[in-house]
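In what follows, a single structure is set out as structure tokens and then discussed.
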Amino acid sequence: MNGTLNKVMLIGHLGDDVKMHYFDGGNCIGRFQLATNEVYINKTTNEKITSTEWHNLVVRNKAAEICEKYLSKGDKIYIEGRIKSRQWQAEDGTTKYTTEIQVTEFTFLTTKKETGNHKPNSDSESVKNTNFDATNEGLPINDLPF
């Protein structure tokens with residue numbers, strides 16, 4: 001195989017609300033952490049062990065606005081994206097590094113805003129299976145034309 005692949009699929013819970021950053025020209029990004037858990041039994045002690053991994057997620061523009069509107073801390077979400085590492089110079093002159101997941105698709109699995117005392121509106125249902133490929137004209141990628 002000559003090609004390469006950078007694809008991440010995660011299901012987890014938000015560690016905090018989506019933090020938005022706006023730029024000149026109307027673009028924006030949303031950042032949030034996603035927790036995934038691995039549960040196993042220690043064979044020697046029969047103790048149930050839960051190990052949590054934290055992932056830094058980045059969503060852009062319209063996807064970021066949708067996430068900010070519908071997601072809050074604790075909500076469960078499925079995401080697809082790619083790993084991106086970057087570095088920068090801090091104010092003290094040290095080089096900082098981070099690894100993020102650039103989200104390309106997501107599906108809300110549970111949201112507190114939907115499970116509250118009010119019924120979900122039809123607008124929230126329409127964003128549950130969302131793909132942000134501009135060329136698909138609002139259709140899911142797996143939607144066949146026949």
Side-chain angles (χ1 to χ4, degrees), residues 4-92 94-144:
T4 64
L5 178 66
N6 181 354
K7 183 167 185 153
V8 176
M9 298 185 303
L10 299 170
I11 295 176
H13 294 274
L14 270 69
D16 203 355
D17 293 340
V18 178
K19 305 288 190 247
M20 296 294 291
H21 303 277
Y22 295 91
F23 303 102
D24 294 337
N27 292 328
C28 62
I29 62 171
R31 296 180 184 276
F32 58 95
Q33 287 194 318
L34 189 76
T36 57
N37 297 319
E38 176 185 3
V39 179
Y40 60 92
I41 304 293
N42 183 323
K43 290 182 180 181
T44 58
T45 64
N46 259 358
E47 180 183 4
K48 181 178 173 181
I49 307 291
T50 301
S51 174
T52 302
E53 185 73 30
W54 289 96
H55 311 274
N56 297 315
L57 275 59
V58 177
V59 288
R60 300 187 180 281
N61 300 321
K62 185 67 175 173
E65 293 170 353
I66 291 170
C67 286
E68 179 191 34
K69 181 176 180 181
Y70 292 104
L71 292 175
S72 56
K73 181 177 180 176
D75 290 343
K76 191 173 188 180
I77 186 172
Y78 165 82
I79 68 98
E80 289 185 22
R82 59 186 166 273
I83 297 174
K84 178 77 175 175
S85 298
R86 61 185 178 88
Q87 67 182 42
W88 70 96
Q89 291 296 121
E91 290 180 10
D92 63 2
T94 60
T95 302
K96 302 287 185 177
Y97 300 90
T98 190
T99 300
E100 300 168 328
I101 308 298
Q102 303 285 323
V103 176
T104 56
E105 297 183 43
F106 59 84
T107 301
F108 301 156
L109 300 177
T110 61
T111 61
K112 288 188 173 87
K113 293 176 184 174
E114 284 184 0
T115 57
N117 292 333
H118 66 283
K119 297 268 187 198
N121 61 27
S122 61
D123 186 34
S124 68
E125 288 298 316
S126 67
V127 297
K128 280 195 168 289
N129 293 309
T130 309
N131 178 341
F132 290 95
D133 181 6
T135 61
N136 75 354
E137 299 175 357
L139 299 173
I141 281 181
N142 62 352
D143 192 23
L144 300 175

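What you see is a predicted model; the values in this text were computed from it and never measured.
Looking at heavy atoms from C-beta onward, T98 lies out of side-chain contact with K96 at the 4.5 angstrom threshold. Within the 4.5 Å cutoff, the side chain of F106 has no heavy atoms near those of the L57 side chain. Looking at K48 and V39, their side chains come closer than 4.5 Å, going by heavy atoms from C-beta outward. No side-chain heavy atom of D75 sits less than 4.5 Å from a side-chain heavy atom of Y70.
Residue L10 comes nearest to T36 through the heavy atom pair CD2-CG2, 4.3 Å, listed as atom of the first residue, atom of the second, then distance. Looking at every heavy atom in both residues, S85 comes nearest to T99 through OG-OG1, 3.3 Å. Minimum heavy-atom separation, I29 to A64: C-CB, 4.0 Å.
The structure places CD1 of I41 at 8.0 Å from CD1 of I49, a figure rounded to the nearest 0.5 Å. For the atom pair CD of E53 and CD of Q33, the computed distance is 10.5 Å after rounding to the nearest 0.5 Å. Summarising the geometry, atom CD belonging to E68 is positioned 11.5 Å from atom CZ belonging to F32; distances are rounded to the nearest 0.5 Å. Separating the OH atom in Y78 from the CZ atom in F108 is a distance of 14.5 Å, to the nearest 0.5 Å. Taking OG1 from T50 and OH from Y40, the interatomic distance works out to 9.0 Å, rounded to the nearest 0.5 Å. The distance from the CD atom of E105 to the NZ atom of K7 is 6.5 Å, given to the nearest 0.5 Å.
Shown here are the side-chain contact (heavy atoms from CB on, under 4.5 Å) partners of K76, two or more places apart in sequence or in another chain: I11, H13, L109, T110. With sequence neighbours excluded, no residue forms a salt bridge (charged side-chain N to carboxylate O under 4.0 Å, His left out) with R82.
At most 12 heavy atoms of other shown residues, nucleotides or ligands fall within 6.0 angstrom of atom CG in D24. Heavy atoms from other residues, nucleotides or ligands lying under 6.0 Å from NZ of K84 number 12 at most.
A donor-acceptor pair is defined here as one N or O able to donate and one able to accept, closer than 3.5 Å; such a pair exists between the side chain of D17 and the backbone of K73. Formation of a donor-acceptor pair under 3.5 Å by the N61 side chain with backbone atoms of C28 is found in this model. S51 places no side-chain N or O within donor-acceptor distance of the main-chain N or O of E38, the cut-off being under 3.5 Å.
In the model, Q89 has no side-chain atom that pairs as donor or acceptor with a side-chain atom of T94 under 3.5 Å.
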